[in-house]
Amino acid sequence: MPRVCIYPGSFDPLTHGHLSLINRGLKIFDALIVAVANNPDKVPLFSSQERMALIRGAVGQDARIEVDSFEGLLVDYAKRRGVHTVLRGLRAVSDFEFEFQLSNMNRRLDPHFDSVFVMTGEDYFYISARLVREVARFGGDVSTLVPPNVRDALERKRTEGVFRR
Ligand code: ADP
């Protein structure tokens, strides 16, 4: 049986931190479902379709990676997909508290559910999608933080003047 894991997140937009996690996840699992969370309460910079397209564009053709999106509870999505393990990244102690709560809540909702945490590499611990949006919004250089297709998409958003926080 291939070991499949869901890697959920906002990916608004995909960063080198996310890509590093995807690559490291593929060393542990046979296949990954990168699942873009659609939160109806948040207005993202990129629509979920755009976020999925940016992820696909950055990872290229790789049969081990599926890009999908979901709305609602992660545990329900995971059940629908028949997968009970998720991959999450830890950047700093501040991530830990939230992730600890989240993984325990998810296990309470589904006792079969488990989370696998991967520590970020030292080159990426400071990268967050929120900071990338902030830097790009003011025309800062994000080329070392995100893949080229995401950098171009951010630049288009900036020139279109559609940046939000
Ligand atoms: P969310 O904000 O909805 O949790 P993100 O898209 O920010 O989703 O992140 C998804 C997952 O990727 C989270 O587990 C997060 O900790 C992890 N992640 C994000 N950026 C990095 C990074 N630079 N290094 C390692 N993990 C990261």
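Atom set for the values below is all heavy atoms of this structure, side chains included, hydrogens, waters and symmetry mates excluded. For ligands, and for the atoms within them, numbers begin at 1 and follow the listed sequence.
Partners of D110 under the salt bridge (Lys or Arg N to Asp or Glu O under 4.0 Å) rule, at least two apart in sequence or in another chain, do not exist in this structure. Residues satisfying the ring pair (Phe, Tyr, Trp, His ring centres under 6.0 Å) criterion with Y77, sequence neighbours excluded, are F70. Residues meeting the ring pair (Phe, Tyr, Trp, His ring centres under 6.0 Å) test with F117, sequence neighbours left out: none.
The side-chain heavy atoms of K42 and D12, taken from C-beta on, include no pair separated by under 4.5 Å.
A heavy-atom cutoff of 4.0 Å around ligand 1 is satisfied by the protein residues Y7, P8, G9, S10, F11, G17, H18, L21, R88, G89, R91, D95, E99, T120, Y124, I127.
Distance check: E99 CD to L90 CG gives 6.0 Å after rounding to the nearest 0.5 Å.
Under a 4.0 Å N-O distance rule, the pair K157/E50 qualifies as a salt bridge.
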